[in-house]
Amino acid sequence: AYRIAVFASGEGSNFQALAEAANTGALGGAELALLVCDKPSASVVRRAEQLGIPAFVFNPKDYVSREAYEREIVMRLEELQVNLVVLAGYMRLLTPVLVERYRGRLINIHPSLLPAFPGKDAIGQALDYGVRVSGVTVHFVDEGMDTGPIIAQRAINIVSGETSESFSQAVHGVERELYPEVVSWFAQGFVKLDGRQVTVSRTSGQV
Ligand code: GAR
């Protein structure tokens with residue numbers, strides 16, 4: 001069975017959606033073993049408490065390097081036999097300590113249609129640029145910034161008069177559906193990675 005760790009830094013609406021999906025069996029039997037959070041004051045920490053999900057909460061300033069806290073995270077993941085790492089609004093670039101160890105088992109959700117608008121504030125970038133379509137991408141994590149192999153994407157139209165609040169709400173609505181679905185594909189063994197090529201061997205529905 002899949003044992004998942006969710007990494008988050010903020011609000012945690014994706015974390016919440018994943019936890020709820022796990023509880024209703026919509027994650028294909030996968031369970032949330034751990035929340036990893038780099039911001040002790042983040043709302044997601046309270047959500048984990050309410051849901052009874054164990055959390056490893058740390059302050060990066062207490063460590064000499066990124067590698068140092070990532071080594072600590074890896075220890076926790078191994079203790080709990082985590083086999084899928086799910087980044088959900090985790091606002092830090094990972095080092096090879098995590099990327100190499102969990103390659104092919106480490107995914108991220110990003111609020112744009114990659115490779116457009118990588119990095120911070122993808123929603124603001126898309127609105128400033130003036131694109132009429134943006135969306136959501138779920139991808140494997142590699143050493144780069146939002147550059148890993150793409151697993152699934154959903155397009156969302158940007159209507160005229162769109163604000164960052166309204167578009168961000170639309171993005172979150174799509175994310176709440178898409179991320180649990182993609183995690184359930186992993187749990188069912190549908191996802192294969194070969195170099196940059198991702199195959200999702202699903203019999204029906206959109207990838
Ligand atoms: C989500 O929209 C996610 O796509 C984005 O942060 C938000 C977290 O929301 N991630 C990134 O921008 C990663 N570069 P949440 O805390 O409510 O799940």
Side-chain angles (χ1 to χ4, degrees), residues 4-23 26-27 30 32 34-51 53 55-58 60 66 70 73 84-95 98-99 102 106-129 131 133-158 162-184:
I4 298 167
V6 177
F7 288 36
S9 304
E11 185 52 37
S13 65
N14 279 285
F15 170 76
Q16 181 95 31
L18 289 161
E20 286 170 5
N23 287 341
L27 282 192
L32 261 61
L34 186 68
L35 167 72
V36 173
C37 180
D38 61 325
K39 286 237 167 63
S41 62
S43 301
V44 69
V45 176
R46 279 186 281 117
R47 292 189 197 252
E49 263 168 37
Q50 275 159 15
L51 290 157
I53 295 170
F56 173 57
V57 182
F58 67 100
R66 291 194 291 160
E70 287 194 359
I73 292 170
L84 183 65
V85 174
V86 174
L87 308 185
Y90 183 68
M91 296 308 191
R92 295 187 167 267
L93 198 59
L94 301 187
T95 80
L98 275 162
V99 173
Y102 288 94
L106 170 50
I107 64 177
N108 180 44
I109 193 161
H110 183 78
S112 74
L113 293 176
L114 290 171
F117 312 126
K120 288 214 165 113
D121 191 22
I123 290 174
Q125 291 184 56
L127 292 172
D128 288 349
Y129 195 97
V131 292
V133 182
S134 188
V136 172
T137 302
V138 177
H139 64 94
F140 284 105
V141 175
D142 66 9
E143 285 72 9
M145 168 81 90
D146 302 321
T147 52
I150 290 172
I151 302 166
Q153 293 187 300
R154 292 288 180 274
I156 308 171
N157 291 331
I158 295 178
E162 193 91 69
T163 62
S164 69
E165 289 70 33
S166 66
F167 192 61
S168 158
Q169 218 173 6
V171 162
H172 272 99
V174 169
E175 290 184 338
R176 257 199 305 278
E177 300 272 302
L178 181 62
Y179 219 6
E181 191 179 354
V182 170
V183 169
S184 82

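Start at 1 and go down the list; that is how both ligands and their atoms are numbered.
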TODO: Could you tell me which atoms of ligand 1, counted from 1 in the order shown, lie closer than 4.0 angstrom to a heavy atom of Gly89?
DONE: 6 (O), 8 (C), 10 (N)
Open item on the list: Would you say Gln169 and Glu165 are linked by a side-chain donor-acceptor pair, where the criterion is simply a distance under 3.5 Å?
Closed with: no
Task: Under 3.5 Å donor-acceptor, Thr95 side chain and Arg66 backbone - done: no
Task: Heavy-atom gap Ala122 to ligand 1 smaller than 4.0 Å - done: no
Open item on the list: Distance under 4.0 Å to a non-hydrogen atom of Glu11: what atoms of ligand 1 satisfy this?
Closed with: 16 (O), 17 (O)
Task: Inter-residue atom distance Leu127.CG - Ser166.OG, 0.5 Å rounding - done: 7.5 Å
- [ ] Between His172, Met145, Glu175, flag the one that comes closest to atom 9 (O) of ligand 1 by a heavy atom.
- [x] His172
- [ ] Examine Tyr90 against ligand 1 and note whether any of their N/O atoms are separated by less than 3.5 Å.
- [x] no
TODO: Give yes or no for whether the N/O distance cutoff of 3.5 Å, strictly under, is met between Gly12 and ligand 1.
DONE: yes
Open item on the list: Measuring only between side-chain heavy atoms, which start at C-beta, is Val86 closer than 4.5 Å to Val183?
Closed with: yes
Task: Min N/O separation Asn14 to ligand 1 under 3.5 Å - done: yes
Task: Partner residues of Glu11 under the salt bridge (charged side-chain N to carboxylate O under 4.0 Å, His left out) criterion, sequence neighbours left out - done: Arg47
Task: Partner residues of Arg92 under the salt bridge (charged side-chain N to carboxylate O under 4.0 Å, His left out) criterion, sequence neighbours left out - done: Asp38
TODO: Name the option, out of Arg92, Arg176, Met91, Gln16, that contains the heavy atom nearest to atom 13 (C) of ligand 1.
DONE: Met91
